[in-house]
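These notes are about the structure you will find just below.
In what follows, chains carry the letters A, B, and so on, assigned in the order in which the sequence lines appear, proteins first and then strands, with residues in each chain numbered from 1. All values derive from a computational prediction rather than experimental measurement. Values below: every heavy atom of this structure, side chains too, minus hydrogens, waters and symmetry copies.
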Number of protein chains: 2
Amino acid sequence: MVTSNKKQPQSNIFLATCTSRQVLHLIADQWTALVIYALEGGTKRFSQLLTQIDGISKKMLSQTLRDMERNGLVQRVVYPVVPPRVEYSLTTLGQTLIEPITALRIWAEEHLDEVKEARVKHDQTEHISVQEQVASLVQQREQH
Amino acid sequence: MVTSNKKQPQSNIFLATCTSRQVLHLIADQWTALVIYALEGGTKRFSQLLTQIDGISKKMLSQTLRDMERNGLVQRVVYPVVPPRVEYSLTTLGQTLIEPITALRIWAEEHLDEVKEARVKHDQTEHISVQEQVASLVQQREQH
DNA sequence: CGGAATCCTTTTGGATACTG
DNA sequence: CAGTATCCAAAAGGATTCCG
């Protein structure tokens, strides 16, 4: 199970300085994954995305798209018309994200019920703190 | 390309009320994915996780673990000893997340260079606003 | 050791108004 | 239409202290 020599010293994802960890954070926000889903079907306009992605604000969409463009995930094309028309599409790099992100969506859909059930169960249960657990258990041991 | 009838009315992931979208958000935070990676190797203690996951604070780790436990992803076992010993491990449900999350990590590692390059290129480029682009292009059209 | 509780700063994000 | 700018409220998160 010992892997061969790593190419880079920063390949330990647990290090804060690890680049792939930073890249991971690109997608770990509320909206990026949804934008990728939305653009999977092809080019979309700003207003289309705004409508399709329920709950996102103008500000957040704009910000998310800007970041994604900066990271090379989406391409923005501005048409010189009035009123302005701006179209967004996935770059080749962005398209490579569809697969892993879809895997996550499928996981969510498949295990949604289990998560919901776990949550209900957890919320129904009385939860004593770790201190209390330890304290009471230690006391039991001392008594016998 | 028309998909067959969906089972649930909430199966549109773009809706804010969509449950799978909410489930997606479970993982879309800074730390959950890293905790799953860390627990992939087996049971770990709180302090081990704190050490292994560089940059996480006690508070964040505690919070993340609590949420994950609530969602049925991790199991917590408290040992009645002083000082207390608490061990965390992935549940069966949590283990099913390893695969899709690993896919994301692999993506990050494979495309890290492209993202970095895109970022450098983007930051080197002068960016005029959409308004300016439209304005100047419209002006060009009017002149000829 | 494994937290919970408190305080306090930073960040996030919504609402609104404005622009070409 | 597709944003940007500003203001403001809420949330996130670090540091510290305390606890069994």
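Listed pair B:Ser57 / D:dG14 meets the phosphate criterion, a side-chain N or O lying under 4.0 Å from OP1 or OP2. Side-chain N/O atoms of B:Ser62 include one lying less than 4.0 angstrom from OP1 or OP2 on C:dA4. OP1 or OP2 of C:dG2 has not a single side-chain nitrogen or oxygen of B:Arg85 nearer than 4.0 Å. Taking side-chain N and O atoms only, B:Tyr88 has a distance below 4.0 Å to OP1 or OP2 of C:dG3. The side chain of A:Arg45 places no N or O atom within less than 4.0 Å of a non-bridging phosphate oxygen (OP1 or OP2) of D:dC1. In this model, the phosphate group of C:dA4 is approached by a side-chain N or O of B:Arg66 to a distance below 4.0 Å at OP1 or OP2. For C:dG2, one of the phosphate oxygens OP1 or OP2 lies less than 4.0 angstrom from a side-chain nitrogen or oxygen of B:Ser47.
Distance CG (A:Asp67) to C1' (C:dG13): 14 Å, rounded to an integer number of Å. Nucleotide C:dT12 holds its P atom 11 Å from the CG atom of A:Asp29, rounded to whole Å. Distance OH (B:Tyr79) to C1' (C:dG3): 18 Å, rounded to an integer number of Å. The separation between B:His127 atom NE2 and D:dT4 atom C1' is 16 Å, rounded to whole Å. In this structure, A:Ile56 places its CD1 atom 13 Å from P of C:dA15, rounding to the nearest Å. Rounded to an integer number of Å, the gap from CG of B:Leu50 to C1' of C:dG2 is 10 Å. Note: CD1 (B:Ile53) to P (C:dG2) measures 14 Å, nearest angstrom. Between the CE atom of A:Met60 and the P atom of C:dT12 there is a distance of 9 Å, given to the nearest Å.
One distance of note links CG of A:Leu104 with CG of B:Leu26; it measures 10.5 Å at 0.5 Å rounding. Here A:Ser20 contributes atom OG and B:His111 contributes atom NE2; the two are 12.5 Å apart, rounded to the nearest 0.5 Å. Taking CG from B:Leu34 and CD1 from B:Ile56, the interatomic distance works out to 7.5 Å, rounded to the nearest 0.5 Å.
Bending across the helix from C:dC1-D:dG20 to C:dG20-D:dC1, expressed as the angle between its end axes from five pairs apiece, amounts to 40° (10° rounding).
Salt bridge present: A:Arg70 and B:Asp123 bring a charged side-chain N and a carboxylate O closer than 4.0 Å. Salt-bridge check for A:Lys116 with A:Glu114: failed, with every basic side-chain N at 4.0 Å or more from each acidic carboxylate O.
Between B:Tyr37 and A:Phe14, the ring planes lie perpendicular to each other; the angle is over 60°, past the 30° to 60° tilted range.
Taking 4.5 Å as the limit, some side-chain heavy atom of A:Ile13 sits within range of a side-chain heavy atom of A:Leu24.
Two residues, A:Arg76 and A:Lys59, neighbour DNA chain D, and the one matched to the more 5' nucleotide by heavy-atom proximity is A:Arg76. Where B:Gln30 and A:Leu65 each meet DNA chain D at their nearest nucleotide, the meeting point lying more 5' is that of A:Leu65.
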